[in-house]
Protein chains: 2
Amino acid sequence: MLERLETEVFLALAEELHFGRTAERLGLTTGRVSQIVRKLERQVGAALFDRTSRSVRLTPVGRQLAEDLAPVVAAMEQALRRAVDAGKGVTGELRVAFLGEWTAPVLLRAVALFGERHPDCRVDVREAQLSNSRSSLEDGSIDVLVASYPFDGMALGPVLLAERRALAVPAGHPLAAEASVSLEVLADHPVVQYPAVTSIGFKRDRTPDRTPSGRPVPKGPSGATFSEMLSLVAMGRGVLPVGEHCRQYYPRPDLAYVPIHDAPLIERGPIWLPSNTTGRVREFIRATADVAGGGAAVQCSARGAGW
Amino acid sequence: MLERLETEVFLALAEELHFGRTAERLGLTTGRVSQIVRKLERQVGAALFDRTSRSVRLTPVGRQLAEDLAPVVAAMEQALRRAVDAGKGVTGELRVAFLGEWTAPVLLRAVALFGERHPDCRVDVREAQLSNSRSSLEDGSIDVLVASYPFDGMALGPVLLAERRALAVPAGHPLAAEASVSLEVLADHPVVQYPAVTSIGFKRDRTPDRTPSGRPVPKGPSGATFSEMLSLVAMGRGVLPVGEHCRQYYPRPDLAYVPIHDAPLIERGPIWLPSNTTGRVREFIRATADVAGGGAAVQCSARGAGW
DNA sequence: GGCATCGTTCAATCCAGCTCAATGATCCTT
DNA sequence: AAGGATCATTGAGCTGGATTGAACGATGCC
């Protein structure tokens with residue numbers, strides 16, 4: 001391998017055929033250029049330039065090397081440019097997705113703002129499924145997902161949506177009549193469980209093991225999908241803490257949603273693979289922060305988001 | 001452009017996926033590897049590796065860059081290898097030529113020795129013409145020429161042949177009866193001139209402007225070829241200092257060759273373009289030196305031969 | 001929870017990269 | 001033929017970045 005400066009000096013001199021201009025072009029002194037060329041020639045074992053104090057010409061060996069090296073350097077620069085573009089540039093295509101159609105509006109506002117700022121970057125919006133959301137982020141088929149925290153191992157952007165929690169109970173359940181309940185009631189009823197595929201952090205957040213006071217929460221049956229879990233609730237097999245949006249988006253006659261007054265909000269925001277923190281992604285996260293109302297504190301995960 | 005070390009570290013790490021092994025492989029410390037990768041990532045603007053203290057993986061951007069960069073590096077190494085091979089290696093083909101068939105035997109002995117030493121380097125032997133010998137060397141169609149010194153601007157190898165000089169005079173000329181003559185007689189007779197295309201040094205050597213004592217030498221007519229020049233002598237238009245080999249190779253009844261007893265020898269040896277001092281050429285020059293009898297002092301021109 | 005492995009960080013060290021000025025070679029001018 | 005101008009080379013000396021080594025911190029295993 002050649003040193004960067006060696007190849008640059010060699011190719012520049014092969015073009016200019018003049019030490020002074022070459023030195024100026026590269027911000028060096030002629031002495032340095034001379035040294036570098038000599039070192040290269042020593043390494044190659046033959047003269048690359050045929051030079052006197054009045055003329056500089058390529059030798060056959062030098063000409064061959066210049067011809068061989070020029071496309072190589074061009075290819076290297078293109079490879080680097082491609083990487084820098086993926087890293088810093090905001091072009092190409094950005095794929096964003098939402099999880100649950102009620103999160104779409106805020107996402108679409110961010111998309112609109114991003115699109116204004118970066119007209120030459122296509123944005124593809126799609127809806128993700130809970131089952132494939134993680135793998136889609138990991139394999140790069142989507143760049144950013146708007147979903148609820150936590151999302152283990154992913155970088156988290158600023159909060160876009162926050163909602164209160166409610167407890168889903170069967171329609172005839174004693175708690176259904178309450179105006180609101182405390183998280184403590186979880187200790188008194190089995191809680192329907194999320195499927196094993198869900199991340200441990202998410203599962204703990206939605207269906208904690210213990211109440212705030214420390215009492216253990218009895219585990220109920222687990223469902224494969226959210227609808228199935230709600231059906232388990234309706235069947236009286238347990239209760240389930242959910243977001244209040246369910247009242248609007250899952251209005252079932254056999255279910256009642258009772259507000260929980262002492263639970264932290266469920267927060268949703270952009271989520272992405274830390275190793276996929278490219279320029280596009282950074283810019284989109286910025287757009288989401290701005291549509292969330294500039295004042296919103298940008299809460300990022302420690303890993304990979306600190307650009 | 002990337003620094004050599006940056007690309008090497010990056011590609012090595014992309015292969016090894018392990019900082020320790022990468023560092024060892026490149027003779028660095030892990031700290032340095034970490035720094036270099038970080039600098040590269042800063043330059044690219046995105047993470048290239050997804051790493052914890054227990055695992056190192058390529059990010060999508062990193063994988064792309066590695067794929068793009070690997071062939072580039074391979075091509076650069078091949079280009080350099082090609083140049084080094086031309087410079088130091090002794091392979092491919094070497095084209096040598098002689099000027100005057102009577103120089104061929106010593107050349108062929110050198111070719112034989114060279115062929116023994118470097119069986120995988122083809123050697124092409126041909127006869128050169130005085131008119132195209134210089135251009136053939138300059139355009140690379142022959143690498144080494146065995147001819148007489150001096151040869152302006154060319155590198156000179158060790159002397160392979162040395163011969164005394166003789167003065168070519170018409171058959172009936174007063175000097176034809178002498179056993180030998182001095183260079184001083186040149187002041188007394190017009191001297192046939194070499195054509196203008198001949199190098200100035202060569203011309204001075206064969207047909208000096210002044211005798212050793214400083215007397216001017218009258219210029220006779222010039223011929224286009226050596227045969228023509230001899231004919232001018234035969235016609236009585238002048239005399240001409242030549243090599244003694246002419247007696248054998250140009251035996252004309254209308255000419256006499258009288259030894260010159262106070263002229264330096266005419267020396268012949270390998271001649272090549274300084275800028276074409278490749279490994280092949282160097283090795284061939286060494287072979288000529290060896291067949292000339294190892295003791296022969298290697299007399300090289302100052303320019304380009306000092307490898 | 002302790003241990004081993006491994007990547008990161010930081011301060012200290014040192015050498016290579018670089019500059020500057022003198023030198024020498026070449027060509028042009030008069 | 002001498003002088004001058006241009007330009008590549010050379011060598012000494014300096015500076016800044018490359019490199020090291022150790023301490024640190026994170027991670028996964030037993």
Side-chain angles (χ1 to χ4, degrees), chain A residues 1-10 12-43 47-59 62 152-153 200-201 274-275 301-307, chain B residues 1-10 12-43 47-59 62 152-153 155 200-201 209 274-275 301-307:
Chain A
M1 270 292 271
L2 269 65
E3 294 294 339
R4 175 189 62 87
L5 198 54
E6 284 177 345
T7 72
E8 286 191 345
V9 164
F10 170 70
L13 185 57
E15 264 188 38
E16 300 280 2
L17 294 177
H18 189 283
F19 279 69
R21 283 196 297 274
T22 300
E24 192 183 9
R25 178 166 146 186
L26 300 180
L28 302 172
T29 60
T30 60
R32 186 84 193 102
V33 173
S34 181
Q35 285 179 2
I36 289 172
V37 171
R38 191 159 50 88
K39 184 185 169 195
L40 226 183
E41 287 178 330
R42 190 179 176 75
Q43 188 178 348
L48 298 172
F49 295 94
D50 189 11
R51 50 196 184 276
T52 68
S53 66
R54 300 305 281 186
S55 77
V56 177
R57 287 176 308 177
L58 277 166
T59 66
D152 295 354
I200 183 75
S275 65
S301 83
R303 276 190 49 210
W307 289 100
Chain B
M1 268 293 271
L2 268 65
E3 295 292 341
R4 175 189 62 87
L5 200 53
E6 284 176 346
T7 72
E8 285 191 344
V9 163
F10 171 69
L13 186 58
E15 264 188 38
E16 300 279 1
L17 295 177
H18 188 283
F19 279 68
R21 283 196 298 274
T22 300
E24 192 182 9
R25 180 167 144 185
L26 300 180
L28 302 172
T29 59
T30 59
R32 184 83 191 106
V33 173
S34 180
Q35 280 184 6
I36 290 173
V37 170
R38 191 157 51 87
K39 183 184 169 195
L40 227 183
E41 287 178 330
R42 190 179 176 77
Q43 188 177 348
L48 298 172
F49 295 94
D50 187 13
R51 49 196 185 275
T52 68
S53 65
R54 301 305 282 185
S55 78
V56 178
R57 287 176 309 177
L58 278 166
T59 65
D152 294 354
I200 183 76
D209 289 337
S275 67
S301 82
R303 276 190 49 210
W307 290 98

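Below, chain A is the first sequence line, B the second, and so on; all start at residue 1.
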Considering only heavy atoms from C-beta outward, does the side chain of [X] approach that of [Y] to under 4.5 Å?
| X | Y | result |
| --- | --- | --- |
| B/V56 | B/T22 | no |
| A/R51 | A/R57 | no |
| A/Q43 | A/E6 | yes |

Distance check needed: [N] [atom2] versus [X] [atom1], whole Å only.
| X | N | atom1 | atom2 | value |
| --- | --- | --- | --- | --- |
| A/L5 | D/dA18 | CG | P | 12 Å |
| A/F49 | D/dT9 | CZ | C1' | 15 Å |
| B/E16 | C/dC6 | CD | P | 13 Å |
| B/L40 | C/dG7 | CG | C1' | 17 Å |
| A/K39 | C/dC18 | NZ | C1' | 13 Å |
| B/R51 | C/dT9 | CZ | C1' | 13 Å |
| A/R57 | D/dA8 | CZ | P | 14 Å |
| B/R4 | D/dT19 | CZ | C1' | 13 Å |

Check your understanding: Partners of A/R25 by side chain to side chain contact (heavy atoms under 4.5 Å, CB included), sequence neighbours excluded?
Key ->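 Scan of A/R25 (side chain to side chain contact (heavy atoms under 4.5 Å, CB included), adjacent residues dropped) gives A/A12, A/E15, A/E16.
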
Point to revise | More than 12 heavy atoms of other groups within 6.0 Å of A/E24 CD | key: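 No, CD of A/E24 has 12 or fewer neighbouring heavy atoms, counting only those of other groups under 6.0 Å.
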
Review point. Do we see a donor-acceptor contact under 3.5 Å between the side chains of A/Q35 and A/R38?
Key: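 Their side chains do not contain a donor-acceptor pair, so the 3.5 Å distance test is not met.
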
Practice item. Name every residue in residues 28-35 of chain B that has at least one heavy atom under 4.0 Å from any atom of DNA chain C, in order of residue number, or write none if there are no such residues. Key: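 Correct list: B/T30, B/G31, B/S34, B/Q35.
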
Compare the minimum distances between each of [options] and the side chain of [X], then state the nucleotide with the smallest one.
| X | options | value |
| --- | --- | --- |
| B/F19 | D/dT9, C/dG7, C/dT26 | C/dG7 |
| A/T52 | C/dG17, C/dT26, D/dA18 | C/dT26 |
| A/V56 | C/dG7, D/dA8, D/dT9 | D/dA8 |

Review point. Is the phosphate of C/dT9, meaning OP1 or OP2, less than 4.0 Å from a side-chain N or O of B/R38?
Key: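 So the side chain of B/R38 is within the cut-off, an N or O lying under 4.0 Å from OP1 or OP2 of C/dT9.
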
Exercise for review: Check whether any side-chain N or O of A/R21 sits under 4.0 Å from OP1 or OP2 of D/dC7, and answer yes or no.
Suggested key: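 So the side chain of A/R21 is outside the cut-off, no N or O lying under 4.0 Å from OP1 or OP2 of D/dC7.
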
**Study point:** side-chain contact (heavy atoms from CB on, under 4.5 Å) partner of B/L13, the single match among B/I36, B/V37, B/L26
**Key:**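 Testing B/L13 for a side-chain contact (heavy atoms from CB on, under 4.5 Å) against B/I36, B/V37, B/L26 leaves exactly one candidate, B/V37.
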
**Study point:** Whichever of A/V37 and A/R54 has its nearest DNA chain D nucleotide further upstream toward 5'
**Key:**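 By nearest-heavy-atom nucleotide position, the 5'-most residue is A/R54.
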
